[in-house]
Structure formats: structure tokens, C-alpha cells
Amino acid sequence: MNNQAAGFRRTALHSLIERIVNATKVVDIHTHLYDPHLGPMLLWGIDELLVYHYLVAEGFRHVNVPPATFWAMSKTEQAELVWHHLFQEHSPISESCRGVLTVLHRLGLDAKERDLHSLREWFEQWPVAGYVTRCMETAGVQTIFMTNSPFDDVERPFWEAGFERDERFVAALRIDPLLTDWPNSALRLVQWGYNVGEGLSPSTLGEVRRFLADWTRRIEAKYLMVSLPPNFAYPGRHDAAQLIEGAVLPFCRDHGLPFALMLGVKRAVNPALQLAGDGVGHSDLTALQNLCAANPQNKFLVTVLARENQHELCVLARKFGNLHPFGCWWFTNIPHLIDDITRMRLELLGISFTAQHSDARVLDQIIYKWDHTRRVLTQVLEEKYWDLLCAGWEPTAAEIERDVNNLLGGSFLEFCAR
Ligand code: FIX
Ligand code: ZN
């Protein structure tokens, strides 16, 4: 191929991949969004976008008020403060700030007027049901996995009372308190009618399995999930390891459910910042290796927060077919690292992982999280398919569609169904 022919071919390849990546509907496998029937739990709109903890963390680098004063303000005042410091006093270049602008832009709003008041007015006209559809369509998302916690006192009563489900929202059973604060969780389980003691005896572990079964059934959970600190070790004598071994894994095995692990979060590094005060640490992934090796009948969905753990996760996934890496979590969900991590995964794992999850806490965020990821994915895939062309392999459009579909949820669904 001469240079000119190669140039045309590459441009055509780029357009094809861009069209496919933009048209593929996403299964968003981890968010903090909720079925609209859970009322106040589903957050949306400009003020919620502005007080997202990613922006609050950045805002505190400029805002000259103590955290306690900030938290005492109304949401409207907090949003105004963030808007002022991150959008008016400085250019909104960070990924989180850019995200707000992408949302507004894709919704057809004009943020460059810098008029927060008129932006608010636009959002106020929307009924929630119509807005959910608008956001999902704009983002190209077909299914949203929620994070559902029986330990959440606002959420639990909705499930206990029962409600008509919106089929686009699928449940995942979140069990952080159970594993990371067993003494207090044991008290709660007792209140809810489970016969558990503080020690993790066989009968207590049996009751924990009954608790997991009841909640899985109630919410129709498709997987169980926990986030763990960098120093998590497995196996071990500590509560989390014992509960995982004696309750979570046997339960997941018996019901064919994956166990999702989010590894490497250091909670409350700066507690005054509340949700914005969590940090990251380098995990010892020997724990994950041991989990996968000792439990071949279990399926593990895994994302790691530290950049330094990404390569090791890929290598582990090459060794264990029961390990499915997913998403660029939180501090790694920035274009620079999405690019790096996605390339690394493609080069080491082919198409057998899930490229991204949004982790959206505010509905509208699915628009920017998927917009930004699609841009990076298009670029990375173009290079990868070009390399195949150079090696004499011509991927068809149908094959590229199949692959993109797998990267954006298809592989995950297959892994779950296995
Ligand atoms: O543990 C998690 O699911 C994290 O995603 C959250 O705790 C975190 O606050 C977040 O929103 C990250 O994107
Ligand atoms: Zn999350």
C-alpha cells in the first residue's frame, strides 16, 4: 500500500470504528444510580452535578471556607460555590469539570454564557421519568447496574415495601459493612431476625448466607460486591476473609453469581471532606491471586484503584479464567489512564474484559462518562485494528461490532451467565 492509499484506508477505518463505538449500546455494570421508583435516591440536575464529590474535592483546593461550614450550606449554595471557583475563577479543565460541560453541551445547553440560574431553570422543567430516558438515550446506555445496600437506612425500606421495577435498572448487592465492620453488622442482622453471634461460627456463617439469599432474591441481584482497602489479605483470620470464605463464596457458588471486588480504596483519608475524602493505595494482589486459585468455581469481577496495580491485574486475568477485569475506577477514570489501561488490557487480554463502567452518582453523568470513554476507545481500537490490517488480517464491520459490544457489556453478560 502506498502512503496515500494507507492514509485513505486509515481514515475509513477510523470512521467505521467511530460509528460503531458511538452506536453500541452500553451495559453500565457499576453505578450509584437508582431505579426512579426509589424516589429521592436517584440524583440528577445541575446542582447535583456540581456537588459531585469529584468536584467538591477539587473545589476544596480553592474554597476558603472550612469543610464544616461548606457542609452546613444548602445544596444550592454549595453548587454556587463550586461553580464560582471551578468554572468562573479558573478554567474547568479537570476531567470532572469537563464532564459537567460535556453533559450540558450534549443536552443542548449553552454553558459558555456562564449563567447558572438559567441552567437551573432548564433542569426544573423535566419530569424524572422523561429525564431518565433522555439521559440514557443521549448516553447510549441500555442497562444501568445499581449499587444496592440493605445497610442503607434510606434505601432498605423501599425494598422491604416493594415497588414496580424499571427494567432498565438492575440490582447488585453491596455488602461493604458486612465485610468491613462485622461487629456492628452482626447487631443489625440480629435486629433483622438473623440468629448470628459475634464470633464467626458455622451457624453464624449459615445465617449470613441466609441473609445474602434473602436480599439477593428480594432485589434480584445479579452479583455481589464489595470495595476493600489496599491492605486486604486473603486467606486470613480476620472477619472479612472469614466471611468471604465461609459465607460469600459458598453462596455465590451455589447461585452462580459473580463476586465483584473493588480493590485499593483508602476510606476517609481526610474525613472532613466526607465522600470527597477517600484516597487510594497500592494493593497486594496476592490476595486476589489466592482467591482465584482457591475458588475455581467462583467468578470474580475485579477493578483496581491504583494505577500501579493495573498491569498485575491483567497478568492475573491471563492466569485465571474466573477473573474478569472491569472499568477504569474513579481516579483512573481520566482519559490519560483510560487510554493506557485499555491498551494494556487489549494487548494482554484481547477482548475478554469490560472496558468501562461509569460509577455515575448523578444520572446526567452517564452522558459524559460514556462520551469521554467512547472517544478514547475509538482512538485505541483504531490503532489496534490498524495493526491487524498491517499484519494482513482484515476485520469486517460485523466483527468490529461484535468486539465493541463485548467490551461495552457483552463480555460481562457472558461471564455472568457462564
Ligand atoms: O466504592 C465505590 O463503589 C466507589 O465507586 C465510591 O465509593 C466512590 O465514592 C465513587 O463514587 C467513585 O467513583
Ligand atoms: Zn462505585
Side-chain angles (χ1 to χ4, degrees), residues 7-31 33 44 95 98-99 101-109 129-145 166-170 324-328 333-335 338-339 341-343 345-346 349-360 363-389 393-417:
F8 283 135
R9 198 124 181 229
R10 188 134 189 183
T11 308
L13 181 68
H14 181 88
S15 313
L16 176 67
I17 293 170
E18 189 174 49
R19 182 175 59 68
I20 292 172
V21 169
N22 288 342
T24 303
K25 294 273 184 211
V26 162
V27 177
D28 197 343
I29 76 168
H30 169 63
T31 77
L33 303 176
W44 57 282
E95 175 64 4
R98 173 188 167 221
L101 299 178
T102 300
V103 170
L104 298 173
H105 191 59
R106 293 282 311 272
L107 289 170
L109 298 167
Y131 196 62
V132 170
T133 303
R134 171 79 186 257
C135 286
M136 290 183 76
E137 277 174 2
T138 309
V141 169
Q142 57 175 321
T143 305
I144 291 177
F145 275 73
D166 181 325
E167 284 181 354
R168 296 169 296 181
F169 290 77
V170 179
H324 184 93
F326 75 92
C328 302
N333 192 353
I334 53 175
I338 303 170
D339 183 278
I341 293 167
T342 308
R343 261 172 221 282
R345 287 176 176 170
L346 286 167
L349 301 172
I351 308 286
S352 62
F353 65 97
T354 299
Q356 189 58 296
H357 67 274
S358 77
D359 233 309
L363 173 65
D364 331 40
Q365 287 167 346
I366 57 174
I367 297 173
Y368 96 76
K369 303 245 188 187
W370 288 107
D371 180 299
H372 294 187
T373 284
R374 284 184 213 265
R375 284 170 201 266
V376 179
L377 189 59
T378 300
Q379 213 50 49
V380 173
L381 287 177
E382 182 208 309
E383 281 182 37
K384 293 295 147 207
Y385 287 116
W386 182 252
D387 289 345
L388 295 188
L389 274 164
W393 179 271
E394 299 206 6
T396 66
E399 285 167 344
I400 297 176
E401 273 167 23
R402 174 202 59 197
D403 295 347
V404 172
N405 184 58
N406 279 332
L407 290 171
L408 298 180
S411 288
F412 161 83
L413 295 175
E414 207 179 286
F415 183 76
C416 292

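Computed over heavy atoms, backbone and side chain alike; hydrogens, waters and symmetry mates excluded.
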Next on the checklist: Walk me through whether Val26 and Ile366 qualify under side-chain contact (heavy atoms from CB on, under 4.5 Å).
Outcome noted: CA-CA 10 Å; Val26 162; Ile366 57 174; over 6 Å; no
Item to check | Derivation and outcome, side-chain contact (heavy atoms from CB on, under 4.5 Å), residues Phe145 and Phe412 | outcome: CA-CA 12 Å; Phe145 275 73; Phe412 161 83; 3.6 Å; yes
Checklist entry - Please walk me through it: do Thr342 and Thr373 pass side-chain contact (heavy atoms from CB on, under 4.5 Å)? => result CA-CA 10 Å; Thr342 308; Thr373 284; over 6 Å; no
Next on the checklist: Let's go through Arg9 and Trp386 carefully: what are the C-alpha distance in whole Å and the side-chain angles of both, what is the deciding distance for side-chain contact (heavy atoms from CB on, under 4.5 Å) to 0.1 Å, and is it a yes or a no?
Outcome noted: CA-CA 9 Å; Arg9 198 124 181 229; Trp386 182 252; 4.1 Å; yes
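With rounding to the nearest 0.5 Å, the separation of CD in Glu399 from CD1 in Ile351 is 11.0 Å. Arg106 CZ to Asp371 CG: the interatomic distance, rounded to the nearest 0.5 Å, is 5.0 Å. Rounding to the nearest 0.5 Å places NE2 of His14 at 5.5 Å from CD of Gln379. With values rounded to the nearest 0.5 angstrom, Ile334 atom CD1 is found 13.0 Å from His372 atom NE2. Note that CH2 of Trp370 and NE2 of His357 are 8.5 Å apart. Values are rounded to the nearest 0.5 Å. Here the CG-OG1 distance, from Leu413 to Thr143, works out to 7.5 Å after rounding to the nearest 0.5 Å.
Listed for the Arg134 side chain is a donor-acceptor partner under 3.5 Å among the backbone atoms of Leu107. No donor-acceptor pair closer than 3.5 Å links the side chain of Asn405 to the backbone N or O of Gly410.
In this structure, the side chains of His30 and Asp359 come closer than 4.5 Å at one or more pairs of heavy atoms. Contact of the Glu382 side chain with the Thr378 side chain is not registered, since no non-hydrogen atoms from C-beta on lie closer than 4.5 Å. Contact annotation: the side chain of Leu388 never approaches that of Lys384 to less than 4.5 Å [non-hydrogen atoms, C-beta and beyond]. Looking at heavy atoms from C-beta onward, Leu101 lies out of side-chain contact with Tyr368 at the 4.5 angstrom threshold. In this structure, the side chains of Asp403 and Tyr385 come closer than 4.5 Å at one or more pairs of heavy atoms. Between Leu408 and Arg374, the closest side-chain pair of non-hydrogen atoms falls below 4.5 Å. Using a 4.5 Å heavy-atom cutoff, the side chains of Ile400 and Leu381 are not in contact. Looking only at side-chain heavy atoms (C-beta outward), Val380 and Ile338 stay at 4.5 Å or farther from each other.
Every residue meeting the side chain to side chain contact (heavy atoms under 4.5 Å, CB included) condition with Arg168, not counting sequence neighbours, appears here in chain and number order: Val132, Thr133, Met136, Asp166.
More than 12 heavy atoms of other residues, nucleotides or ligands lie within 6.0 Å of CZ in Arg10, so this atom counts as buried by the packing criterion.
Contact between Leu16 and Ala397 at its shortest, heavy atoms only, is CD1-CB, 4.0 Å. Considering every non-hydrogen atom in both Leu389 and Pro395, the closest pair reads CG-CD, 4.4 Å. Of all non-hydrogen atoms in Cys135 and Asp364, the two that sit nearest each other are SG-CA, 3.9 Å. Cys328 and Arg345 make their closest contact through SG-NH1, 4.4 Å (heavy atoms, listed as atom of the first residue, atom of the second, distance).
No side-chain N or O of Ser411 forms a donor-acceptor pair with one of His324 less than 3.5 Å apart. A side-chain donor-acceptor contact under 3.5 Å links Asn333 and Gln356.
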